[in-house]
Amino acid sequence: MIIVDKALQARAALGKPVKVAMIGAGFMGRGIANQIINSVPGMELVAISNRHIDSAKRAYSEAGIEDVKVVSSVVDLEDALIQGKYAITEDAMLLCEADGIDAIIEVTGTIEYAAHLVMRAIAHQKHIILMNAELDGTIGPILKLHADRAGVILTACDGDQPGVEMNLYRFVKSIGLTPLLCGNIKGLQDPYRNPTTQAGFAQRWGQNPAMVTSFADGTKISFEQAIVANGTGMKVAKRGMLGYEYTGHVDEMTKMYDIDQLKELGGIVDYVVGTKPGPGVFVFATHEDPKQRHYLNLYKLGEGPLYSFYTPYHLCHFEVPLSVARAVLFHDAVLAPIAGPIVDVVATAKIDLKAGETLDGIGYYMTYGQCENSEIVQQENLLPMGIAEGCTLKRDISKDQVLTYDDVELPEGRLCDKLRAEQLTYFVPAKTLVLAK
């Protein structure tokens, strides 16, 4: 967003930087810290929280900041902010509650824990930038409703593929075309990958094996495309998306889609494997004006009816500070649900599962996620992937079978279940709720 750079320069010149705190200091969090501290005048990363405080300290240290203050109360944190000191803590709620912080970057990759954090941040008037498609794709619509009521922004971020898709989508709409497909380019899709198969890659890049697995087994891209669907109103053409494999250029794929089907569905989200340029994103759009189609052909976009627009990269943590600035300075969300859920991610058995087993988490050994249109999810009472962890199986489940709420016993007392139920009650028509029982 070109306008953001000058707005941040103005804040720097005034000596009034945007003050942001970050929760989570893993691989991606450390990159964000380094970017804000060393490359974003007009913004300060004033506090970091992590469950293991040494990781928070490491994030500052790797960015060149050694003088940090450990805080254990809101008063201590606010004093550190007034004194201009960088603060670290194991208690993330302090960041959500303290005065003097404009926005929270949430980088935990969790569902239940992050739900508590986001609700507390909203209650204390903090804008929230999520690097957490899993949370967003599970209870994003109801969290957005609470944020709207509090007058704060809840948004996904620039740099991650969903945010890059949404920026491209908004650009395409702004020049008069109608987007009919938002796509994500992948290099690998194998639903049976697990932390053991992905351990070598994870070690090479210093990443968490479960996180790497969620990319490889398709769960992550399902969450990413679900939140794009929820931010645009698009659907999926089938459970799991179409997921073409194509080794040519993405521009050549415009002929592979049925434009009438795309229009009937109101546009779709999808992914492709092996396509160039990757890893990037694309939007296929149409134009109803024959005069403008003539110009598009002149400008080398072809004869249509679908025209290809793409971004050949996504730069993750490099762009996250732009999202913070957009939220704080312009009250602009990169990507957020426009209403209730349009597409959900449903839990699917990665292996044969046995009654009495407790389901493990995203990117582990037992389940993978697939996109499904939310109307079908409610009609068939399907179990969201973001809810599955910790559930106990009531019956045997065959490999590749999609789980339902009837198949599991939920853990007691979880906020994510409460918010999911609230989301269902608020957004889903009563006739659909009857079918889902």
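Proximity of Tyr192 to Lys399: side-chain heavy atoms (C-beta onward) are separated by under 4.5 Å at one or more points. Side chains of Met241 and Gln189 form no contact here, defined as non-hydrogen atoms less than 4.5 Å apart. In this structure, the side chains of Phe282 and Val272 come closer than 4.5 Å at one or more pairs of heavy atoms. Side chains of Leu180 and Lys263 form a contact here, defined as non-hydrogen atoms less than 4.5 Å apart. Looking at heavy atoms from C-beta onward, Val118 lies out of side-chain contact with Asn132 at the 4.5 angstrom threshold. Residues Arg293 and Pro290 have side chains in contact (heavy-atom distance under 4.5 Å, counting atoms from C-beta outward). In this structure, the side chains of Leu143 and Met119 come closer than 4.5 Å at one or more pairs of heavy atoms. At a threshold of 4.5 Å between non-hydrogen side-chain atoms, the residues Arg193 and Tyr368 do not count as touching.
Salt-bridge formation is not detected for the pair Asp360/Lys350: no Lys NZ or Arg NE/NH1/NH2 atom is positioned less than 4.0 Å from an Asp or Glu carboxylate oxygen. Look at Glu97 and Arg120 and you find a salt bridge, because one of the NZ, NE, NH1 or NH2 atoms lies within 4.0 Å of a carboxylate O, short of that distance. Glu134 and Lys220 are joined by a salt bridge, as a carboxylate oxygen and a charged side-chain nitrogen come within less than 4.0 angstrom of each other. One finds no salt bridge joining Glu224 and Lys186 here, because no Lys/Arg side-chain nitrogen approaches an Asp/Glu carboxylate oxygen to under 4.0 Å. Of the charged side-chain nitrogens involved, at least one lies within less than 4.0 Å of a carboxylate oxygen, so that Glu62 and Arg58 count as a salt-bridged pair.
Considering all non-hydrogen atoms of both residues, Pro179 and Ala285 come closest at CA-CB, 3.7 Å. Contact detail for Ser222 and Gly369: the closest heavy-atom pair is OG-O, 3.2 Å. Residues Ala339 and Pro141 approach most closely at O-CB, 3.4 Å, considering heavy atoms. Here the closest heavy-atom approach between residue Ala210 and residue Pro195 is recorded as CA-CG, 4.4 Å. Minimum heavy-atom separation, Gly151 to His331: O-CE1, 3.3 Å. Of all the heavy atoms in Val40 and Gln35, the pair that sits closest is CG2-O, 3.4 Å.
Proximity of a side-chain donor or acceptor of Asn373 to a complementary backbone N or O of Glu375 within less than 3.5 Å is not detected. Of the possible polar contacts, none joining the His317 side chain to the Met28 backbone as a donor-acceptor pair under 3.5 Å is found. Thr155 places no side-chain N or O within 3.5 Å of a backbone atom of Ile129 that could act as its donor or acceptor partner. Distance alone, capped at 3.5 Å, is enough to place a donor-acceptor pair between the Asp396 side chain and the Ala355 backbone. With hydrogens and angles ignored, the 3.5 Å screen pairs no side-chain donor or acceptor of Glu245 with any backbone N or O of Thr247. Formation of a donor-acceptor pair under 3.5 Å by the Asn230 side chain with backbone atoms of Pro341 is not found in this model. A donor-acceptor distance shorter than 3.5 angstrom exists from the side chain of Asp270 to the backbone of Leu242, with no hydrogens or angles considered. Not one N or O on the side chain of Asp136 forms a donor-acceptor pair closer than 3.5 Å with the backbone of Ala336. Judged purely by atom type and a 3.5 angstrom limit, Thr219 has no side-chain atom pairing as donor or acceptor with the backbone of Ile362. Side chain of Glu319 to backbone of Asp160: no donor-acceptor contact under 3.5 angstrom is found.
A distance of 10.5 Å separates NZ in Lys144 from CD1 in Ile122, rounded to the nearest 0.5 Å. Note that CG of Leu382 and CG of Asp407 are 9.5 Å apart. Values are rounded to the nearest 0.5 Å. Here Arg170 contributes atom CZ and Ile175 contributes atom CD1; the two are 14.5 Å apart, rounded to the nearest 0.5 Å. If you take NE2 on His294 and CG on Asp289, they are separated by 11.5 Å, rounding to the nearest 0.5 Å. The SG atom of Cys157 sits 13.5 Å away from the CD1 atom of Ile128 when rounded to the nearest 0.5 Å. Expressed to the nearest 0.5 Å, how far CD1 of Ile48 lies from CD1 of Ile23 amounts to 11.0 Å.
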For this session: Assess whether side chain to side chain contact (heavy atoms under 4.5 Å, CB included) is satisfied between Leu403 and Leu393, documenting all intermediate values.
Result: CA-CA 10 Å; Leu403 283 78; Leu393 291 169; 3.7 Å; yes

Exercise. When you look at Thr404 and Asn381, which way does the side-chain hydrogen bond (donor to acceptor under 3.5 Å, both in side chains) test go after all the steps?
Worked result: CA-CA 6 Å; Thr404 73; Asn381 205 26; 5.5 Å; no

Problem set entry | Candidate pair Val20 and His127, rule side chain to side chain contact (heavy atoms under 4.5 Å, CB included), full reasoning | CA-CA 9 Å; Val20 59; His127 301 297; over 6 Å; no

For this session: Tell me, with the steps shown, if Thr196 and Tyr365 meet side chain to side chain contact (heavy atoms under 4.5 Å, CB included).
Result: CA-CA 9 Å; Thr196 301; Tyr365 293 90; 2.8 Å; yes

For this session: Show your working on side chain to side chain contact (heavy atoms under 4.5 Å, CB included) between Val236 and Ile268 and close with a plain yes or no.
Result: CA-CA 5 Å; Val236 291; Ile268 67 168; 5.9 Å; no

For this session: Could you give me the CA-CA distance, side-chain angles and deciding distance for Glu252 and Tyr246, then say whether side-chain hydrogen bond (donor to acceptor under 3.5 Å, both in side chains) is met?
Result: CA-CA 9 Å; Glu252 300 162 6; Tyr246 185 73; 2.5 Å; yes

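A donor and an acceptor atom, one from each side chain of Glu112 and Thr110, are nowhere located under 3.5 Å apart. In summary, the side chains of Asp344 and Ser374 do present a donor paired with an acceptor at a separation below 3.5 Å, with no hydrogens or angles considered. Using modelled atom types, one finds no donor on one side chain facing an acceptor on the other under 3.5 Å when comparing Arg239 with Gln370.
Heavy atoms from other residues, nucleotides or ligands lying under 6.0 Å from OH of Tyr257 number more than 12. In Tyr405, the OH atom is crowded: over 12 heavy atoms of neighbouring residues, nucleotides or ligands sit closer than 6.0 Å. Annotation for Phe330: atom CZ counts as buried by contact number, over 12 foreign heavy atoms lying within 6.0 Å. Environment of CD in Gln261: crowded, with over 12 heavy atoms of neighbouring residues, nucleotides or ligands closer than 6.0 Å. Atom NZ of Lys394 sits in a crowded spot, with more than 12 heavy atoms from other residues, nucleotides or ligands closer than 6.0 Å. More than 12 non-hydrogen atoms from other residues, nucleotides or ligands lie less than 6.0 angstrom from OH of Tyr113. More than 12 heavy atoms of other residues, nucleotides or ligands lie within 6.0 Å of CD in Glu357, so this atom counts as buried by the packing criterion. In the displayed structure, Gln401 atom CD is contacted under 6.0 Å by more than 12 heavy atoms of other residues, nucleotides or ligands.
When each of Ile142, Ile111, Thr138 is tested with Leu419 by the rule side-chain contact (heavy atoms from CB on, under 4.5 Å), just one qualifies, namely Ile142.
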